[in-house]
Student: 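Structure below; questions to follow.
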Amino acid sequence: MVSGSVPSLPDITIVGGGIIGVALARELAVRGQRVQLLERNILAQEASLASAGIISPPASRYGLRADLALASYRRYPALIAEVVDETGISVGWNQTGELELGADESRDALQATWEWQHAQGMRVEWLDRPALEDREPALHPSLTSGIYSPDSGSLILSRLTIALARSAANRGATIREHTHVGGVAIGSGRATAIRTLDGEEPVGALIIAAGAWSRALSETLDFEIPTIPVRGQMLAVADPPVPIRSVIAAGGGYLVPRADGTVAVGATEEAGSGFDSRVTPDGIRWLAELIDRTAPSLAHGRLIDTWAGLRPGTTHGEPVIGRIPHLDNVWIATGHFRSGALLAPATAEALASLVLDGTVDPMIAPFDPATVGNNLGR
């Protein structure tokens, strides 16, 4: 797919067609930039396709990402309305609310999360076991307390990614699929061109947002981009004997009720899988055990699908967002791991401001590439 008109020299070229890349493309196009986005495969086919698309309230445990997550969480309702209105593409938004649950031994930590969220002005309710049983009869009895967030829900992230790309294209952005960027030409401290199978193409500014594949450009940029692929496996269940009403976060995973009545269950975290995105028996076993300790009745539904994707983790556990220190016109936005769906809107807004006018938003300052990467051979 190629959309938009191809300018002779785009103001900004973005490498990567996942949720982060297309959110950036739209934000920059909204701000009047001539944008070109290049995707090695087709849009929304990696982490964006595999994601459960949960939009949930951040917590203090997010650490350095808390402010970025909070800004995105607050931005989402308007963003969804905007892109659906602009494009007519349904993004599958299902505002079910979310329950974050714990057993007796985690009650104090959960209470602290609730207090932090309440202090940030989020709509959250504390529920003890009787209220949990009333809301979600399918829950395992070991889950004795929880936080209910009525404003949370889930969307189909691949659809949102496509909608954001369409919105960007409507503003003149060029979206080019099946365009592999294998290298970057550097001269006088700047990126001068990208290398594709069709040859070299000149660039103005360059943003690397290629998810787990971002690291492949490290050598050509003379900068170590610390991304690693982390496989996540999921499954879907239909016709559960006891329906699930809310997104449920517990036991290191989540259950996500879809608008079509199915429930998505995820997800494993497999940092040693490399770029292997196959579903495995071990992964399905872990998901089945998650069901057993969270909502056992789901095991009596119909298994209708399994899938896996590669999240962009990093060696240090945090995103990388900002300018490569020794290059005047190259920025990075990657490494969002399990939070790409949630963090995309605020990442796009903050990085767009940095690229266009040099404004360093405090939300992304901790993720400056200068603090997490190393120049190769320097």
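Along the sequence shown, the residues carry numbers beginning at 1.
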Student: Can we say Glu270 and Arg311 salt-bridge, meaning some charged N sits less than 4.0 Å from an Asp/Glu carboxylate O?
Tutor: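 No, Glu270 and Arg311 are not salt-bridged.
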Student: Treating Arg323 as the side-chain partner and Val330 as the backbone partner, does any N or O pair qualify as donor plus acceptor under 3.5 Å?
Tutor: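 Absent.
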Student: Say whether Thr280 and Gln233, considering side chains only, have a donor N or O and an acceptor N or O under 3.5 Å apart.
Tutor: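 Yes, a side-chain donor-acceptor pair sits under 3.5 Å.
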Student: Indicate yes or no for a side-chain donor-acceptor contact from Ser218 to the backbone of Ile225 under 3.5 Å, with no hydrogens or angles considered.
Tutor: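 Yes; judged by distance alone, with no hydrogens or angles, the pair exists.
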Student: Please walk me through it: do Arg171 and Glu86 pass salt bridge (Lys or Arg N to Asp or Glu O under 4.0 Å)?
Tutor: CA-CA 11 Å; Arg171 291 174 165 82; Glu86 291 170 13; 3.0 Å; yes
Student: Yes or no on side chain to side chain donor-acceptor pair (under 3.5 Å) for Ser145 and Asp128, after CA distance, side-chain angles and deciding distance?
Tutor: CA-CA 5 Å; Ser145 57; Asp128 284 313; 5.5 Å; no
Student: Could you check if a side-chain atom of Leu64 sits within less than 4.5 angstrom of a side-chain atom of Phe367, using non-hydrogen atoms only?
Tutor: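 With C-beta onward as the side chain, the pair touches.
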Student: Between Arg61 (side chain) and Ala109 (backbone), is there a donor-acceptor pair under 3.5 Å?
Tutor: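 Not confirmed, Arg61 side chain does not pair with Ala109 backbone.
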Student: Give the C-alpha distance, both sets of side-chain angles, the deciding distance and a yes or no for side chain to side chain contact (heavy atoms under 4.5 Å, CB included) between Ile147 and Leu99.
Tutor: CA-CA 5 Å; Ile147 303 167; Leu99 282 170; over 6 Å; no
Student: When you measure from the centre of the six-membered ring of Trp286, is the NZ or CZ of Arg293 under 6.0 Å away and within 45° of the axis?
Tutor: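 Yes, Arg293 and Trp286 form such a contact.
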Student: I'd like to check Leu160 versus Ile19 (side-chain heavy atoms, cut-off strictly below 4.5 Å). Are they in contact?
Tutor: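 Sidechains of Ile19 and Leu160: in contact.
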Student: Do Tyr148 and Trp126 have ring centroids that are under 6.0 Å from one another?
Tutor: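 No, ring centres 6.0 Å or more apart.
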Student: Just checking, any donor-acceptor pair under 3.5 angstrom between side chains of Ser149 and Arg123?
Tutor: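 No - no donor-acceptor pair under 3.5 Å links their side chains.
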Student: Just checking, is any N or O donor in the side chain of Glu136 or Ser246 under 3.5 Å from an acceptor N or O on the other one?
Tutor: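 Side-chain D/A pair, Glu136 to Ser246: present.
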Student: Hydrophobic clustering (ILVMFWY, side-chain heavy atoms < 4.5 Å, transitive) - are Ile20 and Leu79 grouped together?
Tutor: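 In one cluster: yes.
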Student: Answer yes if the side chains of Tyr254 and Ser154 hold a donor-acceptor pair under 3.5 Å, and no otherwise.
Tutor: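 There is no such pair between these side chains.
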Student: Do the side chains of Arg135 and Glu125 get close enough for a salt bridge, i.e. N-O under 4.0 angstrom?
Tutor: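 Glu125 and Arg135: not salt-bridged.
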Student: Any side-chain to backbone donor/acceptor pair from Asn94 onto Thr96? Under 3.5 Å, distance only.
Tutor: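 A pair under 3.5 Å: no.
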Student: So Thr359 and Ser353, side chain to side chain donor-acceptor pair (under 3.5 Å) or not? Walk me through it.
Tutor: CA-CA 6 Å; Thr359 301; Ser353 294; 5.7 Å; no
Student: Going through the distances and angles, do Arg129 and Asp134 end up as a salt bridge (Lys or Arg N to Asp or Glu O under 4.0 Å)?
Tutor: CA-CA 9 Å; Arg129 182 64 200 183; Asp134 182 60; over 6 Å; no
Student: Are there over 12 heavy-atom neighbours, none belonging to Asn170, within less than 6.0 Å of that residue's CG?
Tutor: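 Yes - once you tally the heavy atoms of other residues, nucleotides and ligands closer than 6.0 Å, there are more than 12.
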Student: Checking side-chain polar atoms at under 3.5 Å, does His180 have a donor or acceptor matched by the opposite partner on Thr196?
Tutor: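 Thr196 and His180 do not have a side-chain donor-acceptor pair below 3.5 Å.
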Student: For Tyr76 and Trp93, run ring pair (Phe, Tyr, Trp, His ring centres under 6.0 Å): C-alpha distance rounded to whole Å, both residues' side-chain angles, the deciding distance at 0.1 Å, then the answer.
Tutor: CA-CA 11 Å; Tyr76 250 111; Trp93 173 240; 7.4 Å; no
Student: With a 4.5 Å cut-off on side-chain heavy atoms, are Val320 and Trp331 touching?
Tutor: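 Side chain of Trp331 against side chain of Val320, heavy atoms only: no contact under 4.5 Å found.
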Student: Just wondering, do Ile321 and Ile332 contact through their side chains at under 4.5 Å, heavy atoms?
Tutor: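 No, too far: nothing below the 4.5 Å cut-off.
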Student: Looking only at atom types and distance, does a side-chain atom of Gln117 sit under 3.5 Å from a main-chain N or O of Pro58, one as donor and one as acceptor?
Tutor: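 Confirmed, Gln117 side chain pairs with Pro58 backbone.
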Student: Should Glu269 and Arg231 count as side-chain neighbours, where that means a heavy-atom distance under 4.5 Å?
Tutor: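 They are not in contact (no side-chain heavy atoms under 4.5 Å apart), so the answer is no.
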Student: Go through the side-chain N and O atoms of Thr262 and Asp260 and say whether any donor and acceptor fall under 3.5 Å apart.
Tutor: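 The criterion, which ignores hydrogens and geometry beyond distance, is satisfied for Asp260 and Thr262.
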Student: Under 4.5 Å between side-chain heavy atoms, counting indirect links through other Ile/Leu/Val/Met/Phe/Trp/Tyr residues: same cluster for Met363 and Phe337 or not?
Tutor: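 No.
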Student: Where the side chain of Thr179 meets the backbone of Glu177, is there a donor-acceptor pair that is under 3.5 Å apart?
Tutor: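 Flag set: sc Thr179 to bb Glu177 pair under 3.5 Å.
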Student: Run the side chain to side chain contact (heavy atoms under 4.5 Å, CB included) test on Leu255 and Leu298 for me, step by step, so that the C-alpha distance in whole Å, both residues' side-chain angles and the decisive distance to 0.1 Å come before the verdict.
Tutor: CA-CA 10 Å; Leu255 313 178; Leu298 283 184; 3.8 Å; yes
Student: Taking the side chain from Gln33 and the backbone from Val35, do they hold a donor-acceptor pair closer than 3.5 Å?
Tutor: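 Not confirmed, Gln33 side chain does not pair with Val35 backbone.
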Student: So with a 6.0 Å cut-off around NE2 of His316, is the heavy-atom count from everything else above 12?
Tutor: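 For His316, atom NE2 is crowded (more than 12 foreign heavy atoms under 6.0 Å).
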Student: Donor-acceptor check, side chain of Asn329 to backbone of Ala191, threshold 3.5 angstrom: yes or no?
Tutor: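 Indeed, once roles are kept as given, a pair shorter than 3.5 Å links the two residues.
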Student: Please examine the side chains of Pro296 and His140, heavy atoms only from C-beta on, and report whether any two atoms are closer than 4.5 Å.
Tutor: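 His140 reaches Pro296 side chain to side chain.
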Student: Consider only side-chain heavy atoms of I, L, V, M, F, W and Y, link residues closer than 4.5 Å, and tell whether Val203 and Ile186 are in one cluster.
Tutor: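 Same cluster.
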Student: Quick test of your reading of the model: are Glu82 and Arg75 salt-bridged, counting only N-O distances below 4.0 Å?
Tutor: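 Arg75 and Glu82: salt-bridged.
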Student: For the pair Ser152 and Tyr73, evaluate side chain to side chain donor-acceptor pair (under 3.5 Å) and give the outcome as yes or no after the intermediate values.
Tutor: CA-CA 9 Å; Ser152 301; Tyr73 183 67; 3.2 Å; yes
Student: What do the steps show when you test Val230 against Leu310 for side chain to side chain contact (heavy atoms under 4.5 Å, CB included), and what is the final call?
Tutor: CA-CA 5 Å; Val230 182; Leu310 301 175; over 6 Å; no
Student: Report the C-alpha distance between Ile55 and Leu155 in whole Å, list the side-chain angles of each, state the deciding distance to 0.1 Å, and finish with yes or no for side chain to side chain contact (heavy atoms under 4.5 Å, CB included).
Tutor: CA-CA 8 Å; Ile55 309 303; Leu155 46 75; 4.1 Å; yes
Student: Establish, from distance only, whether the side-chain atoms of Ser167 and Arg26 form a donor-acceptor pair under 3.5 Å.
Tutor: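 The criterion, which ignores hydrogens and geometry beyond distance, is satisfied for Arg26 and Ser167.
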Student: Determine whether a donor-acceptor pair (N or O, by modelled atom type, separation under 3.5 Å) exists between the side chain of Thr294 and the backbone of Leu290.
Tutor: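 Side chain of Thr294 to backbone of Leu290, a donor-acceptor pair under 3.5 Å: yes, one is there.
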Student: Is the shortest side-chain heavy-atom distance between Leu221 and Ile208 below 4.5 Å?
Tutor: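 With C-beta onward as the side chain, the pair touches.
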Student: Please check this pair: side chain of Asp11 against backbone of Ala205, looking for a donor-acceptor N/O pair closer than 3.5 Å.
Tutor: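 No; zero donor-acceptor contacts below 3.5 Å.
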Student: Do the non-hydrogen side-chain atoms of Leu101 and Leu132 ever get within less than 4.5 Å of each other?
Tutor: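 Yes, their side chains come closer than 4.5 Å.
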